[in-house]
Amino acid sequence: MELNENARVDTSQVDDRRGSGGGGGMGIPIPIGGGRGGIVGIIIAVVVALVGGGFGLNAATGGGGSEQGDNTSLEQKCSAQDALEQLDCRNTLYVNSIQAYWRTAMPEAFGEQYRPSKTVFFSQNVSTACGAADSGVGPFYCPADDQVYIDLTFYRLLADQLGAEGEFAQPYVLAHEYGHHVQDLLGTEAQMRRQQQRDPQSANALSVKLELQADCYAGAWAKNATGTADDRGQKIFKSITEQDISQAIDAAEKIGDDAIQQRSGRPVNPDEFTHGTSEQRKQWFTKGFTTGDPKSCDTFGAGV
Ligand SMILES: [Zn+2]
């Protein structure tokens, strides 16, 4: 993968809260898993099993979810010559590419307008409209405030603990979370929550469909990423190679439910799957990538 050094990093699409240190008071812990209004992440709560430290959701600070970060230093950093050597600037540019893609793809595929959503960079803990969370839950999307949340140190965990080392794992993770935003805009997410309430027995199976669809959307983005441009029309990627795509697929496999359960020393139990097996995650990312068409991501109709 080669990024275009002439592309402008649009930091207005992120909210840098890493320096803010959280607000006062105890937040309401986020309901994870199938709860209504809960968060949808890339692996949610399984990271916790790997890194230890309980559920990691209850000690966060802040309460309202309305706090704003300060982008001043990020803005400076990402307009400098060596911006693309910086992890946070590169990740901002990935966000720019993913949203540029959906701006055209959503009306084309689904006849609906895309509404941009910010990615919040936080460190350790953060308050959201879905409740308070800490890094242990991994990157996630909060449907109540339409924002993606990530502690960028997650990538170290992804590489060191889960073995997904390739750089392209990073845009894959972000594209998966933006997949949840698209599902939110299309009403897929709300519809799935209603189904879960009607049929609690199938809650996990429905969650798997939602997650695999987000993987497939990530694949559709990856296929079209080299066509995305910044707000001045400069291409964001110079190239994306087969090796990059393998890295994304590798990451998808490493965070399959069965792989995670095995890694954490637990018996593999399909009833507890919420995100799909390694094989399924690989399969749906690949489907999105092969077709390049988000309409092909109908995990709900496909009897997954
Ligand atoms: Zn997810």
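Only this structure's heavy atoms are used, side chains among them; waters, hydrogens and symmetry mates stay out. Both counts, for ligands and for their atoms, begin at 1 and track the order of listing.
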- Task: In plain terms, say whether Asp230 and Lys235 are close enough for a salt bridge, that is, a side-chain N and a carboxylate O under 4.0 Å apart.
- Result: no
- Do NZ/NE/NH1/NH2 and the carboxylate oxygens of Glu85 and Arg90 come within less than 4.0 Å? no
- Item | Minimum-distance N/O/S atom that His176 presents toward the Zn ion (ligand 1) | NE2
- Query: Which N, O or S atom name in Glu211 marks its closest approach to the Zn ion (ligand 1)?
  - Reply: OE1
- Got a sec: is His275 within less than 2.8 Å of the Zn ion (ligand 1) via an N/O/S atom? no
- Task: To the nearest 0.5 angstrom, please state how far the CD1 atom of Ile245 sits from the OH atom of Tyr172.
- Result: 12.0 Å
- Message: Taking Lys118 first and then Asp15, would you say they form a salt bridge - that is, a charged N and a carboxylate O separated by under 4.0 Å?
- Response: no
